[in-house]
Colleague: 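Next up is a structure, given as structure tokens.
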Amino acid sequence: MSGHSSKPTVGALPDTTVESPFVPVVLTWLVWSLFVATVVVLVARLRLGAVWELPGLVAIDGLTVLMWVVITFFSSILHSYSRRYMAGSSHQTRFFLAMFGFTVAVMALLAADHIALFGVLWMAMGLIMAKLIGINEGWKQAQAAAAVARNYFLTSSILLGGSLTALWWATDATTISGISAAADTLGGSLWLVAAGGLVFAAMIQSALIPFHGWLLSSMTAPAPASALMHAGFVNAGGILLTRFAPVITVDSTLMLGVVAVGAASAGGGKLLKSVQTDIKTKLGCSTVGQMGFMIMQAGLGFFGAAITHLILHGFYKAYQFLSSGQQVEQKRPSETTEHTVGRMTSAVGFGVALLTGLVGGVVFTVLTGKGANVDSGLLLTFFVVFTTLHAARTAVQHTSLSPLARYGAVPLVFFPAIVTYAVVYESVSNLLIVSTATTELTLLHGVIAVAFVGIYVAIETGIHEHSQRLYVALLNATQPSSDTLLTSTEEYNEY
């Protein structure tokens with residue numbers, strides 16, 4: 001829902017103020033210039049390979065410059081898109097200033113090394129995002145959504161502040177790099193408080209279950225703000241765990257906990273999405289699930305995979321939000337039934353998808369070495385196989401080609417995609433100063449794998465729809481805060 005319209009409520013005076021496009025134009029050109037500059041910095045970083053720092057304050061490493069390129073690219077696209085989307089709006093200038101301010105805050109956060117600076121920027125990032133959610137100051141539902149998000153983000157900031165204070169107390173270091181260097185000395189209750197706070201702060205920011213309420217209550221945000229939220233802001237949890245990876249990896253039990261909460265959101269997000277009917281809420285539930293996968297990869301010790309996942313998800317989700325209007329189409333029931341059910345029953349199609357997934361897993365293992373040993377890398381490879389199988393099966397079902405063409409095209413499309421993913425994953429991992437921290441396989445890893453297969457089979461076969469209790473529970477779990485619900489279209493049309 002965009003947040004502005006030209007049709008006024010009966011009896012109300014419409015807001016006819018039209019702002020100058022000067023600020024949007026300047027900020028759009030400025031953010032594109034930042035993107036070009038960050039690309040230059042990334043190239044220089046690849047050639048020189050050193051960490052550039054202002055001791056005690058900032059440290060620019062591979063993760064910093066990589067995410068600088070990603071965030072400025074997304075922001076540039078959204079600034080350009082918003083010039084037309086927000087044209088004529090009375091809050092156009094505020095929107096652009098907030099969006100540009102968010103970009104700058106995230107860039108500074110990625111470079112921050114002093115823990116106080118990091119904590120302040122983390123809070124600023126959240127407050128600016130809340131401002132974007134409630135950018136329409138006259139729309140009470142938007143203000144309620146902003147208040148919900150703000151409360152979550154402030155809670156996340158308090159947890160992070162407590163963790164940073166505990167880490168400073170335990171290590172006597174005031175920088176992230178100093179804390180990382182002293183991670184071997186961490187342990188005991190003080191470390192557990194600090195590490196637990198980091199994990200919970202990441203869960204809130206990335207909208208993992210049960211902290212997904214703020215995300216599903218933010219549908220009042222303009223589409224560009226939603227795209228920035230789902231493609232950028234929610235990734236902060238993965239960045240946080242990667243930045244403090246030496247702290248998180250001190251104990252394998254905590255890592256298992258991170259895997260568990262990530263898996264719960266990954267599977268839960270898939271279930272929540274299955275009962276939705278509107279596009280934005282479907283995308284929101286999808287984000288909950290995808291962020292669960294990202295956090296789970298961090299818990300498995302593959303921080304490079306987590307960063308790769310958040311980058312690829314960012315591209316996908318930004319496109320999905322900006323093109324969400326094109327996904328609404330009208331079909332007759334007979335068209336839907338004939339087009340999908342027949343293909344779902346094809347044993348040959350499923351066999352092609354299964355073979356594509358299995359061979360894709362082998363390709364991933366050969367290129368990355370993950371899954372070759374009996375450790376957490378085996379679960380990572382399992383999810384590569386699982387994701388490839390699902391994507392291939394979807395392509396077989398919905399691609400408008402003859403059966404023979406579909407069966408032949410699926411491997412030809414997906415094998416190069418897996419190779420590309422493996423290459424990107426290896427490249428990203430090489431940029432990080434954090435090394436992979438694989439763990440031993442446990443019963444929990446096996447339970448997670450079995451659970452995902454069960455959830456997938458249940459959703460694809462519609463078994464979960466036969467339980468009214470489960471359906472209602474899933475639907476209730478996705479209900480936004482009541483104050484953010486629009487009950488009368490006239491309330492929206494005024495703005």
Colleague: Taking the side chain as every heavy atom from C-beta outward, state whether Ile135 and Pro222 have any pair of such atoms under 4.5 Å apart.
Modeller: yes

Colleague: For the atom pair CG (Leu216) and CD (Gln479), what is the distance rounded to the nearest 0.5 Å?
Modeller: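 One gets 9.5 Å once the value is rounded to the nearest 0.5 Å.
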
Colleague: Looking at every heavy atom in both Gly360 and Ile418, which two are closest together, and how far apart are they?
Modeller: CA-CD1, 3.2 Å

Colleague: Do Pro224 and Phe95 have side-chain heavy atoms sitting under 4.5 Å apart?
Modeller: yes

Colleague: Nearest 0.5 Å, what's the CG-CZ distance between Leu63 and Arg243?
Modeller: 4.5 Å

Colleague: Could you tell me if the side chain of Leu240 sits less than 4.5 Å from the side chain of Trp122, heavy atoms only?
Modeller: yes

Colleague: What is the minimum heavy-atom distance between Phe74 and Ala231, and which atoms define it?
Modeller: CE1-O, 3.8 Å

Colleague: For Ala130 and Ala146, which heavy atoms make the closest approach, and how far apart are they?
Modeller: O-CB, 3.3 Å

Colleague: Just to verify, what does Val453 make a side-chain contact (heavy atoms from CB on, under 4.5 Å) with, not counting sequence neighbours?
Modeller: Phe382, Phe386, Val457

Colleague: For residues Val31 and Leu27, determine if any side-chain heavy atom of one lies less than 4.5 Å from a side-chain heavy atom of the other.
Modeller: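 They are not in contact (no side-chain heavy atoms under 4.5 Å apart), so the answer is no.
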
Colleague: Holding to ring-ring contact (aromatic ring centres under 6.0 Å, His included), I want the full list of residues that pass it with Tyr316, two or more places apart in sequence or in another chain.
Modeller: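 Partners of Tyr316 by the ring-ring contact (aromatic ring centres under 6.0 Å, His included) criterion come out as none, since no residue qualifies.
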
Colleague: Going by side-chain contact (heavy atoms from CB on, under 4.5 Å), name the residues that satisfy it together with Met107, two or more places apart in sequence or in a different chain.
Modeller: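 Residues passing side-chain contact (heavy atoms from CB on, under 4.5 Å) with Met107: Leu34, Thr38, Trp68, Ile71, Thr72, Thr103.
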
Colleague: Any side-chain heavy-atom pair from Asn136 and Thr220 closer than 4.5 angstrom?
Modeller: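 The answer is no, as the side chains (C-beta and beyond) never meet within the 4.5 Å cut-off.
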
Colleague: Shortest non-hydrogen contact from Ala306 to Ala298?
Modeller: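 Taking Ala306 first and Ala298 second, the nearest heavy atoms are CB-N, 4.1 Å.
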
Colleague: Mind checking ring-ring contact (aromatic ring centres under 6.0 Å, His included) for Phe153 and listing every partner two or more places apart, or none if nothing turns up?
Modeller: Trp214, Phe233

Colleague: How many angstroms lie between CD in Gln143 and CD1 in Ile133, if you round to the nearest 0.5 Å?
Modeller: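 The CD atom of Gln143 sits 11.0 Å away from the CD1 atom of Ile133.
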
Colleague: List the residues meeting side-chain contact (heavy atoms from CB on, under 4.5 Å) with Ala112, not counting sequence neighbours, and say none if there are none.
Modeller: Leu117, Phe118, Leu121

Colleague: Go through the steps for Met86 and His91 under the test side chain to side chain contact (heavy atoms under 4.5 Å, CB included), then give the verdict.
Modeller: CA-CA 8 Å; Met86 301 297 292; His91 45 268; 3.6 Å; yes

Colleague: Kindly give the heavy-atom pair with the smallest separation between Met229 and Ala221, and that separation in Å.
Modeller: CE-CB, 4.2 Å

Colleague: Can a donor-acceptor pair be found, under 3.5 Å and without considering hydrogens, that links the side chain of Ser376 to the backbone of Thr439?
Modeller: yes

Colleague: Would you give the length of the straight line joining atom OG1 of Thr281 to atom NZ of Lys273, rounded to the nearest 0.5 angstrom?
Modeller: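 The distance works out to 12.0 Å.
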
Colleague: Out of Thr242, Val434, Leu241, which one pairs with Ile248 under the side-chain contact (heavy atoms from CB on, under 4.5 Å) rule?
Modeller: Leu241

Colleague: Does a side-chain heavy-atom distance below 4.5 Å link Pro24 with Gln92?
Modeller: yes

Colleague: Listing request: all ring pair (Phe, Tyr, Trp, His ring centres under 6.0 Å) pairs with a residue in residues 255-302, at least two apart in sequence or in separate chains.
Modeller: Phe293-Phe383, Phe293-Phe452

Colleague: Can Met123 and Leu160 be said to form a side chain to side chain contact (heavy atoms under 4.5 Å, CB included), step by step?
Modeller: CA-CA 9 Å; Met123 180 182 291; Leu160 177 62; over 6 Å; no

Colleague: Output side-chain donor-acceptor pairs under 3.5 Å for residues 192-206, partner residues at least two apart or in another chain, one line each.
Modeller:
unit_1: Gln205; atom_1: OE1; unit_2: Ser156; atom_2: OG; d: 2.9
unit_1: Ser206; atom_1: OG; unit_2: Ala202; atom_2: O; d: 3.4
unit_1: Ser206; atom_1: OG; unit_2: Val234; atom_2: O; d: 2.6
unit_1: Ser206; atom_1: OG; unit_2: Gly237; atom_2: N; d: 3.2

Colleague: Can you name the residues that form a salt bridge (charged side-chain N to carboxylate O under 4.0 Å, His left out) with Lys131, not counting sequence neighbours?
Modeller: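 Glu137.
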
Colleague: Taking only residues two or more places apart in sequence, or in another chain, which ones meet Ile128 in a side-chain contact (heavy atoms from CB on, under 4.5 Å)?
Modeller: Ala98, Phe102, Ala105

Colleague: List the residues meeting side-chain hydrogen bond (donor to acceptor under 3.5 Å, both in side chains) with Lys317, not counting sequence neighbours, and say none if there are none.
Modeller: Ser286, Thr287, His313

Colleague: Please walk me through it: do Tyr421 and Thr388 pass side chain to side chain contact (heavy atoms under 4.5 Å, CB included)?
Modeller: CA-CA 11 Å; Tyr421 170 74; Thr388 305; over 6 Å; no

Colleague: Can you measure from CG (Leu444) to OG1 (Thr253) and round to the nearest 0.5 angstrom?
Modeller: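 Leu444 atom CG to Thr253 atom OG1 measures 11.0 Å (nearest 0.5 Å).
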
Colleague: Does any non-hydrogen side-chain atom of Asn235 lie less than 4.5 Å from one of Met291?
Modeller: yes

Colleague: ring-ring contact (aromatic ring centres under 6.0 Å, His included) with His212: which residues, sequence neighbours excluded?
Modeller: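 ring-ring contact (aromatic ring centres under 6.0 Å, His included) list for His212, sorted by chain: empty.
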
Colleague: Test side chain to side chain contact (heavy atoms under 4.5 Å, CB included) on Ile209 and Leu272; report intermediate values, then the result.
Modeller: CA-CA 10 Å; Ile209 296 172; Leu272 296 177; 4.0 Å; yes

Colleague: Counting C-beta onward and ignoring hydrogens, is there a side-chain heavy-atom pair between Met67 and Ile311 closer than 4.5 Å?
Modeller: yes

Colleague: Check ring-ring contact (aromatic ring centres under 6.0 Å, His included) between His79 and all other residues, then give those that pass, not counting sequence neighbours.
Modeller: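 His79 satisfies ring-ring contact (aromatic ring centres under 6.0 Å, His included) with Phe96 only.
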
Colleague: With rounding to the nearest 0.5 Å, note down the distance linking CG in Asn476 to OG1 in Thr478.
Modeller: 7.5 Å

Colleague: How close do His445 and Leu379 get, counting heavy atoms only, and between which atoms?
Modeller: CD2-CD2, 3.7 Å

